[in-house]
Undergrad: 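Mind having a look at this structure? Questions to follow.
Every chain is numbered from 1 and lettered A, B, ... according to where its sequence line falls, protein lines coming before strand lines. These numbers were taken from a predicted model, which means no experiment stands behind them.
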Amino acid sequence: MSELHFYNSYTRQKEKFESITPGYAGLYVCGPTVSGESHMGHARPYITFDVVQRYLKHLGYKVRYVRNITDAGHFEEEGREAQDKVSEKAKLEKMEPMEMVHKYTSMFHHGMRLFNCDEPSIEPTATGHIIEQISMIETIIEKGYAYEVNGSVYFDVKKYADKYPYGKLSGRVLDDQLETTRELDGQDEKRNKADFALWKNAPPEHIMRWKSPWGEGFPGWHIECSAMSSKYLGETFDIHGGGMDLQFPHHESEIAQNTIAHGHASVRYWMHNNMITINGKKMGKSYNNVIKLSELFSGSHPILEQPYHPMVVRFYILQTHYRSTLDFSNEALQASERALRRLWEAYELLQKLNHPGNAEAADTNLDKQVTDWIDECPDFMNDDFNTAKVLANLFELAPVINSIKGGQVKPDAISAGTFSLLKDTFKTYLEDILGLQGMQAEQSNKLDSVISLLAEIRADAKKRKDFATSDEIRNKLQKAGIILKDEKDGTVSYTIE
RNA sequence: GGUCGCGUAGCCGAGUGGCUAGGCAAAGGUCUGCAAAACCUUCUACAGCGGUUCGAAUCCGCUCGCGACCUCCA
């Protein structure tokens, strides 16, 4: 079997994964800013890295997965007055900042549960780690790479860049930065435009504020991730993930902060997922084109033709490689819905199928083909988490399962060993690694018995060739969202839409 | 303007220098009282123009189109 390789954004090539401590893997992923409701774009990194941590666990690593909650807020855009996003929004909504932060954090968690994302091992908040951030800033000042002006502290990028490869991760040259950085508040306080804030002095109207050696203020955006990843994963850790849009300035700044504070870079492998686009444009607040998760699940957004089940969205995301952009459309989501239903039905069928137990395959070609498709799955995952290819192979296997059930293929065509391998593969890859689930609500036994009763009446009518009655039962159930299927063996199954 | 990336059949999308990914849709067939589902078959694409090569969607160059980042952003 192959070994895990994936693309390191820092070196821009696929590398073999070797964890710092054998058997253990540390993963840090930039979490959401909880100043608003999570949208579809947020689904991508958390589902992507959920699969990453699931796969690492599958490989036997003991994983510590840290994903932060940014609840301290940053600056307003468009060069306006420096304002804490969280506090400004809170005033509009007449809520305490922490009240609002709590609300959106809860909504985020709810969304993550619906997506079947495992909970991180630790979910630290920025506000809960002010002391650690202050302490890290002090270290950077002591080492001479940060300076204080009017109660704010800035990182000296120019000095840093003289000695270290600033801009390597995001592929940019500092000189350009010095030219192009826009006028933002506090710009005149900086020695160079490219310098970024470690600590900001809080204006009087700013609600969220903490005491610091430099007066009352609040931390800069980048320092929280540096402080919290160091605290929980160590000064050097394995993987840091996040959206591509965070490469600059966020991750570039993290590298600079850690390099100075610890004397060396912290992250072994950088991973970045690509964006979800809508009509070719990135989904984001600035573009005013976001579809919130709640709207997605309820269908209550003008662009949505229908509601979409969280699993459909998860499947849709996993059908594309995480480093490619993914364009939203109703057509694409609807295609995913049908595809997932088909795949899941095959999986459910597989669980109910019995195998005659023959050790030798009656159809050696088919048996070989099936084992080949199965054997490729780990190779695909090991090659930069290619979930799209894994799903493609599962789709290759689905007709085999359906054919055994449908009688087109005899159950003894594949060997008992292959059959059990097939079962294991579906369970392992669909459920454990890709984290997919069925879309149907848990069918209650009560409903089950009611449907059985109706099915019996209908079967009786069919026997009498009273098709009017049998069709009426089927059609009315269909209207209620329950679809009956007459199976070849005379039994009746049903699915709920 | 700078940096980076992308352009694949009706749609979504994977992709290694040589071996038609896969899904959805569509068409035909099998099965079925009829449906639905399932199964089988068909639809062989890589923006354009050059180049390298025995051979390129895959490497190189140019052109066109699109996007991301450079500012909060997943």
Undergrad: Need one value for A:I276: base, sugar-phosphate or nothing, where a base atom within 4.0 Å counts as base even if backbone is also close, heavy atoms only.
TA: base
Undergrad: Give none if B:C6 has no partner; otherwise give the nucleotide forming a Watson-Crick or G-U wobble pair with it, both distances under 3.5 Å.
TA: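 B:G65 is the nucleotide pairing with B:C6.
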Undergrad: Once you round it to whole Å, what is the distance between P of B:C69 and NZ of A:K281?
TA: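 Computing the A:K281:NZ to B:C69:P distance gives 10 Å.
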Undergrad: Among the nucleotides B:A74, B:G23, B:C11, which one has an atom lying closest to any side-chain atom of A:F395?
TA: B:G23
Undergrad: What interatomic distance, in whole Å, is found between P of B:C39 and the corresponding atom of B:C12?
TA: 25 Å
Undergrad: Write down the distance between CD1 (A:I278) and C1' (B:C11), rounded to a whole number of angstrom.
TA: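 So the two atoms are 16 Å apart, to the nearest Å.
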Undergrad: What's A:M244 touching, base or sugar-phosphate or nothing? Going by heavy atoms closer than 4.0 Å.
TA: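 Contact class for A:M244: none.
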Undergrad: Report yes if the distance between the aromatic ring centroids of A:F155 and A:Y160 is under 6.0 Å, otherwise no.
TA: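 Between A:Y160 and A:F155, which both carry aromatic rings, the centre distance is below 6.0 Å.
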Undergrad: Just compare B:A74, B:C39, B:C4 and give me whichever is closest to any side-chain atom of A:M283.
TA: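 Between B:A74, B:C39, B:C4, the one nearest the side chain of A:M283 would be B:A74.
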Undergrad: Please state the P separation for the pair B:U42 and B:A21 - nearest whole angstrom.
TA: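 After rounding to an integer number of Å, I get 14 Å for this pair.
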Undergrad: Provide, to the nearest angstrom, the distance between the CG atom belonging to A:D71 and the C1' atom belonging to B:C72.
TA: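 The distance from CG of A:D71 to C1' of B:C72 comes to 16 Å, rounded to the nearest Å.
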Undergrad: Applying the Watson-Crick and G-U wobble criteria at under 3.5 Å, what pairs with B:G22? Answer none if nothing qualifies.
TA: B:C12
Undergrad: Could you give the distance separating B:C64 and B:A74 at their C1' atoms, to the nearest angstrom?
TA: 31 Å
Undergrad: Once you apply a heavy-atom cut-off of 4.0 Å, does A:N386 come out as touching a base, just sugar-phosphate, or nothing?
TA: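 Sugar-phosphate contact only.
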Undergrad: Examine distances only and state if a side-chain atom of A:S121 and a backbone atom of A:Y65 form a donor-acceptor pair shorter than 3.5 Å.
TA: yes
Undergrad: Between A:E331 and A:G41, name the one whose nearest nucleotide on RNA chain B is closer to the 5' end.
TA: A:E331
Undergrad: Check the phosphate of B:G67 against A:Y287, side-chain N and O only, distance under 4.0 Å to OP1 or OP2. Yes or no?
TA: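 So the side chain of A:Y287 is outside the cut-off, no N or O lying under 4.0 Å from OP1 or OP2 of B:G67.
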Undergrad: So which atom in A:H309 and which in A:M439 form the shortest heavy-atom distance, rounded to 0.1 Å?
TA: CE1-O, 3.3 Å
Undergrad: Can you tell me how far P of B:A38 sits from CG of A:L343, to the nearest Å?
TA: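 That distance rounds to 12 Å.
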Undergrad: Give the nucleotide from the list B:C34, B:A74, B:C12 with an atom nearest to the side chain of A:R458.
TA: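 The answer is B:C34.
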Undergrad: Measure the acute angle between the ring planes of A:F328 and A:Y308, then classify it against the limits of 30° and 60° as parallel, tilted or perpendicular.
TA: perpendicular
Undergrad: Is there a Watson-Crick or G-U wobble partner for B:A45 with both distances under 3.5 Å, and which nucleotide is it?
TA: none
Undergrad: When you compare B:A9 with B:G15, how far apart are their P atoms, in angstrom units rounded to a whole number?
TA: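 About 16 Å, rounded to a whole number of Å.
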Undergrad: Taking the six-membered ring of A:F49 as reference, does the NZ or CZ atom of A:R67 fall below 6.0 Å from its centre and within a 45° cone about the axis?
TA: no
Undergrad: Among the nucleotides B:G2, B:G23, B:G13, which one has an atom lying closest to any side-chain atom of A:R172?
TA: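 Of the options given, the side chain of A:R172 lies nearest B:G2.
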Undergrad: Quiz question: going by heavy-atom distance under 3.5 Å, is there a donor-acceptor pair between the base of B:A74 and the side chain of A:R44?
TA: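 By the distance-only test, no, there is no pair.
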Undergrad: Nearest to the side chain of A:H321, heavy atoms from C-beta on, is which of B:C24, B:G15, B:A74?
TA: B:G15
Undergrad: Any idea which of B:A38, B:A68, B:G23 is nearest the A:N402 side chain?
TA: B:A38
Undergrad: Under 4.0 Å between any heavy atoms, over every strand shown, what does A:A339 touch: base, sugar-phosphate, or nothing? Just pick one.
TA: sugar-phosphate
Undergrad: What is the distance, rounded to the nearest whole Å, between atom CZ of A:F218 and atom P of B:C72?
TA: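 Those two atoms, CZ and P, are 12 Å apart.
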Undergrad: Looking across every strand, which nucleic acid part, if any, lies under 4.0 Å from A:H39 by heavy atom: base, sugar-phosphate, or nothing?
TA: base
Undergrad: Expressed in angstrom and rounded to an integer, what is the separation of A:N279 atom CG from B:C12 atom P?
TA: 11 Å
Undergrad: Hey, does the side-chain of A:R474 have a donor or acceptor N/O within less than 3.5 Å of a partner on the base of B:C34?
TA: yes
Undergrad: Does A:S324 place a side-chain N or O at less than 4.0 Å from the phosphate oxygens OP1/OP2 of B:A14?
TA: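 Yes, such a contact exists.
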Undergrad: Name the pairing partner of B:G1, where a pair is Watson-Crick or G-U wobble with both distances under 3.5 Å, or state none.
TA: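 Paired with B:G1, as far as the under-3.5 Å criterion goes, is B:C70.
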Undergrad: Taking only the C1' atom of each, what is the distance from B:G50 to B:A56 in whole angstrom?
TA: 14 Å
Undergrad: Checking contacts here: which listed nucleotide (B:A74, B:C70, B:G15) is nearest the side-chain heavy atoms of A:F248?
TA: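 The answer is B:C70.
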Undergrad: Please work out if A:Q247 contacts a base, only the sugar-phosphate, or nothing of the nucleic acid, heavy-atom cut-off 4.0 Å.
TA: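 If one applies the 4.0 Å heavy-atom cut-off, A:Q247 turns out to touch nothing in the nucleic acid.
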Undergrad: Taking atom C1' in both B:C31 and B:C40, compute the distance separating them and give it to the nearest angstrom.
TA: 11 Å
Undergrad: Please determine, for the side chain of A:A335, which listed nucleotide (B:A38, B:G23, B:C34) has the closest atom?
TA: B:G23
Undergrad: Choosing from B:C39, B:G23, B:A74, which nucleotide comes nearest the side chain of A:T33?
TA: B:A74
Undergrad: May I have the distance from A:F467 (atom CZ) to B:A35 (atom C1'), rounded to whole angstrom?
TA: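 Roughly 12 Å, once rounded to whole Å.
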Undergrad: Look at all strands and tell whether A:G280 reaches a base, only sugar-phosphate, or nothing, counting heavy atoms closer than 4.0 Å.
TA: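 Contact class for A:G280: sugar-phosphate only.
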Undergrad: For the side chain of A:I483, counting heavy atoms from C-beta on, which of B:C11, B:A36, B:C39 is nearest?
TA: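 For A:I483, the side-chain atoms sit closest to B:A36.
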Undergrad: Please state whether the phosphate of B:C34, meaning OP1 or OP2, lies under 4.0 angstrom from any side-chain nitrogen or oxygen of A:K462.
TA: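 So the side chain of A:K462 is outside the cut-off, no N or O lying under 4.0 Å from OP1 or OP2 of B:C34.
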Undergrad: Figure out the CZ/P separation between A:R342 and B:A25, and round it to whole Å.
TA: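 In whole Å, B:A25 P and A:R342 CZ are 9 Å from each other.
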Undergrad: Paired with B:C39 by Watson-Crick or G-U wobble geometry, both distances under 3.5 Å: which nucleotide is it?
TA: B:G29
Undergrad: May I ask you to test the A:H321-A:D384 pair for a side-chain heavy-atom distance under 4.5 Å?
TA: yes
Undergrad: Give me the ring orientation class for A:W344 and A:Y347: parallel if the planes are under 30° apart, tilted from 30 to 60°, perpendicular past 60°.
TA: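 The arrangement is perpendicular - the two ring planes meet at more than 60°.
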Undergrad: Should the pair A:H222 and A:F196 be assigned to parallel (<30°), tilted (30 to 60°) or perpendicular (>60°) ring geometry?
TA: perpendicular
Undergrad: A:R338 side chain N/O closer than 4.0 Å to the phosphate oxygens (OP1, OP2) of B:A25?
TA: yes
Undergrad: Base, sugar-phosphate, or nothing: which does A:D327 touch, judged by heavy atoms less than 4.0 Å apart?
TA: sugar-phosphate
Undergrad: Could you check A:L391 against A:H42 and say which one's nearest nucleotide on RNA chain B is further toward the 5' end?
TA: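 Of the two residues, A:L391 wins.
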Undergrad: Can A:K389 and A:D379 be said to form a salt bridge (Lys or Arg N to Asp or Glu O under 4.0 Å), step by step?
TA: CA-CA 10 Å; A:K389 278 195 155 188; A:D379 295 337; over 6 Å; no
Undergrad: Mind checking the P distance from B:C54 to B:G28? Whole angstroms is fine.
TA: 48 Å
Undergrad: Taking B:G65 as the reference, what is the distance to B:C46 when you measure between their C1' atoms (whole Å, please)?
TA: 16 Å
Undergrad: Is any side-chain heavy atom of A:R342 less than 4.5 Å from a side-chain heavy atom of A:R338?
TA: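 Result no, sub-4.5 Å side-chain heavy-atom pair not found.
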